[in-house]
Number of protein chains: 2
Amino acid sequence: MAASGVRPRRKPRDRYHHGDLRRALLDEALRTIHQDGVEALTLRTIGLALGVSRTALYRHFADKRALLSAVATEGFRMLRGRLVEVWGSGGVREFNEMGVAYVQFAIANPSHYRVMFGGFVDDGPRDEELTREGMAAFQALVDAIAALQKSADVRKDDPLQLARFIWATVHGVSMLIIDGQLSHQHAQLDDLIQFAMQRLQTGIAAGPARTRN
Amino acid sequence: MAASGVRPRRKPRDRYHHGDLRRALLDEALRTIHQDGVEALTLRTIGLALGVSRTALYRHFADKRALLSAVATEGFRMLRGRLVEVWGSGGVREFNEMGVAYVQFAIANPSHYRVMFGGFVDDGPRDEELTREGMAAFQALVDAIAALQKSADVRKDDPLQLARFIWATVHGVSMLIIDGQLSHQHAQLDDLIQFAMQRLQTGIAAGPARTRN
DNA sequence: CCTTTGATGTTGTCACTGTCAACATCAATC
DNA sequence: GATTGATGTTGACAGTGACAACATCAAAGG
């Protein structure tokens with residue numbers, strides 16, 4: 001089943017040390033969150049699933065929040081990867097697809113997405129790596145916009161400001177969908193996403209005329 | 001200080017019944033959330049603050065979630081009130097101010113806003129009144145858009161779809177600000193909000209030409 | 001006036017949570 | 001081969017939401 005060389009998820013009963021518990025903790029957290037949501041994530045449950053005691057986690061993370069912080073970090077990494085993948089070195093069309101991909105990521109990993117934003121993390125001083133990875137994901141968007149500005153497809157405002165605006169919109173759509181504030185019918189959701197990207201592009205397009213819609 | 005006829009917040013020590021505990025519970029929850037955030041909201045704390053036992057709440061709310069649900073409901077009521085107040089029977093300018101007012105509401109009551117959306121509520125079947133009040137707030141936006149369509153200021157798409165799009169944007173801006181993903185400098189925030197509303201209006205404006213920005 | 005009764009508030013208790021301190025185990029280093 | 005620092009465990013604690021059994025009281029009906 002599993003490829004050779006992969007560490008077993010559970011610690012063998014006869015071994016005292018796990019081997020790569022930090023990684024296993026992260027994976028298990030991801031799994032649980034994806035499957036049962038954040039609120040179901042319990043230190044005891046994680047430990048049980050990994051065949052490890054409830055407090056073993058504290059050798060690898062300062063506390064529960066730190067674990068969630070790491071989860072969020074990984075979420076941003078995944079999101080960023082997906083965004084640059086879709087964008088390629090593309091144009092207006094790929095930009096559209098980027099927006100769609102963003103929302104789809106959120107829909108596909110709602111709990112994960114909520115950990116990334118939902119305020120589970122931001123109490124104390126934010127984790128440094130998390131901040132960095134979040135900014136990297138954001139940068140993917142900024143880069144795309146800058147490129148579209150160069151090709152005269154997007155108005156030449158401050159690209160950061162433009163990026164914040166667009167980010168807010170796709171983030172907003174994602175959140176509303178995730179929180180069930182919008183119809184859950186697939187077709188309607190797709191319509192909304194497409195519509196939003198359309199209006200977005202009209203809103204940020206360069207030149208006063210040219211496109212009719 | 002308090003006008004006569006107002007029930008005291010705390011139950012007098014000699015009285016067994018509080019008088020209007022449901023209202024007091026709601027108020028206290030509001031207060032706590034506004035002051036210390038949602039995570040500080042504890043049934044025991046509320047009870048203590050009101051001079052009432054920790055479980056008294058269960059005579060008025062099914063459980064903690066139901067209380068938060070009621071809080072969210074009231075939040076939507078407040079938000080809607082503010083929105084229609086700003087809109088009046090206005091035009092493009094008032095529409096802009098509506099967007100600003102929305103975000104400002106979120107900034108002024110971050111924890112409250114998070115209760116309204118952050119997924120504290122939407123586990124079980126959603127509270128009926130909450131759903132209704134949320135839709136009412138949304139309707140305020142739809143109405144405004146419909147009016148702007150009539151005056152030919154906004155393109156004649158499905159007003160619901162337009163409203164969802166705009167809602168998503170202001171919601172997204174609000175969320176990002178609340179979660180500290182954006183700079184916390186007042187001036188910059190105002191700039192972003194204004195910028196977003198500007199781009200939004202360009203995106204949904206009627207007619208291919210007319211306005212240059 | 002007295003009794004009954006349903007609504008409202010309380011106490012005791014439970015299982016569960018995150019966290020810490022003290023201890024156990026082990027792998028690597030001198 | 002002893003030492004030691006990293007890693008995992010056990011016991012304990014205070015705090016949480018929730019439930020069941022009980023207490024108190026106001027209002028309704030006689």
Side-chain angles (χ1 to χ4, degrees), chain A residues 7-29 32-33 36-71 115 119-124 127, chain B residues 7-29 32-33 36-72 111 115 119-124 127:
Chain A
R7 289 244 172 234
R9 205 155 62 82
R10 285 184 57 87
K11 182 188 75 170
R13 229 177 257 100
D14 52 338
R15 310 269 312 140
Y16 189 84
H17 286 60
H18 180 281
D20 192 359
L21 185 55
R22 191 194 147 88
R23 183 68 246 166
L25 284 166
L26 255 175
D27 288 342
E28 183 59 27
T32 309
I33 287 176
D36 304 319
V38 208
E39 63 283 348
L41 190 73
T42 282
L43 302 195
R44 281 160 164 87
T45 310
I46 296 182
L48 200 67
L50 295 180
V52 111
S53 88
R54 55 211 141 82
T55 57
L57 169 143
Y58 285 92
R59 301 299 155 189
H60 302 274
F61 297 95
D63 52 9
K64 192 184 183 183
R65 247 189 61 238
L67 174 62
L68 287 179
S69 197
V71 168
V115 174
F120 292 92
V121 182
D122 70 347
D123 277 353
D127 187 71
Chain B
R7 289 247 173 227
R9 204 154 63 79
R10 285 185 57 85
K11 181 188 77 171
R13 226 177 260 101
D14 53 337
R15 312 268 312 139
Y16 189 85
H17 287 45
H18 179 282
D20 193 0
L21 187 52
R22 191 192 147 89
R23 185 65 245 168
L25 285 165
L26 256 175
D27 287 342
E28 183 58 28
T32 308
I33 287 176
D36 305 319
V38 208
E39 61 284 349
L41 191 73
T42 284
L43 301 196
R44 281 156 164 89
T45 309
I46 296 182
L48 199 65
L50 296 180
V52 112
S53 89
R54 56 215 140 84
T55 57
L57 169 142
Y58 287 93
R59 301 296 155 191
H60 301 274
F61 297 96
D63 52 9
K64 193 184 182 182
R65 248 188 60 238
L67 174 63
L68 287 179
S69 195
V71 168
S111 285
V115 173
F120 291 91
V121 182
D122 69 346
D123 278 352
D127 186 72

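Letters A, B, ... are given to chains in the order of the sequence lines, protein chains preceding strands, and every chain is numbered from 1. Please read these numbers as outputs of a predicted model, since none were measured by experiment.
Not a single donor-acceptor pair, N or O on each side, falls under 3.5 Å between the base of dG17(D) and the side chain of Arg54(B). One can find a donor-acceptor pair under 3.5 Å joining the base of dG17(D) and the side-chain atoms of Arg44(B).
Between the CZ atom of Phe61(B) and the P atom of dG9(C) there is a distance of 12 Å, rounded to whole Å. Counting to the nearest Å, the C1' atom of dA6(D) and the CG atom of Leu57(A) are 16 Å from each other. Summarising the geometry, the separation between CD on Glu39(B) and P on dT17(C) is reported as 20 Å, rounded to the nearest angstrom. The separation between Leu68(B) atom CG and dG17(D) atom C1' is 12 Å, rounded to whole Å. In this entry the distance linking CG of Leu48(B) with C1' of dG9(C) reads 15 Å, nearest Å. Per the geometry, CD1 belonging to Ile46(A) stands 17 Å off P belonging to dC16(C), to the nearest Å. Going from atom CG of Leu50(A) over to atom P of dT7(D) covers 16 Å, rounded to whole Å. Between the CG atom of Leu21(B) and the C1' atom of dT10(C) there is a distance of 13 Å, given to the nearest Å.
Judged purely by atom type and a 3.5 angstrom limit, Thr45(A) has no side-chain atom pairing as donor or acceptor with the backbone of Leu41(A).
Remark: His60(A) is not in phosphate contact with dA6(D), judged by side-chain N or O atoms under 4.0 Å from OP1 or OP2. Within the 4.0 Å cut-off from OP1 or OP2 of dT19(C), at least one side-chain nitrogen or oxygen of Tyr58(A) is found. Residue Ser53(A) places none of its side-chain N or O atoms closer than 4.0 Å to OP1 or OP2 of dT10(D).
Counting non-hydrogen atoms under 4.0 angstrom, Leu41(B) reaches the backbone sugars and phosphates but no base. Among the protein residues, Thr55(A) comes within range of the nucleic acid bases, having at least one heavy atom under 4.0 Å from a base atom.
Of the options Val52(A), Leu67(A), Leu26(A), a side-chain contact (heavy atoms from CB on, under 4.5 Å) to Ile46(A) is made by Leu67(A) and by none of the others.
Taking the side chain as every heavy atom from C-beta outward, Leu68(B) and Ile33(B) approach each other to under 4.5 Å. Counting heavy atoms from C-beta on, the side chains of Leu25(A) and His60(A) come closer than 4.5 Å.
Residue order along DNA chain C, read from the 5' end via each residue's closest nucleotide, puts Thr42(A) first among Thr42(A) and Ala62(A).
With dA22(C), dG9(C), dG17(D) as the candidates, the nucleotide lying closest to the side chain of Lys64(B) is dG17(D).
Shown here for Asp36(A) and Glu39(A), the closest heavy-atom pair between the two residues is O-OE2, 3.5 Å.
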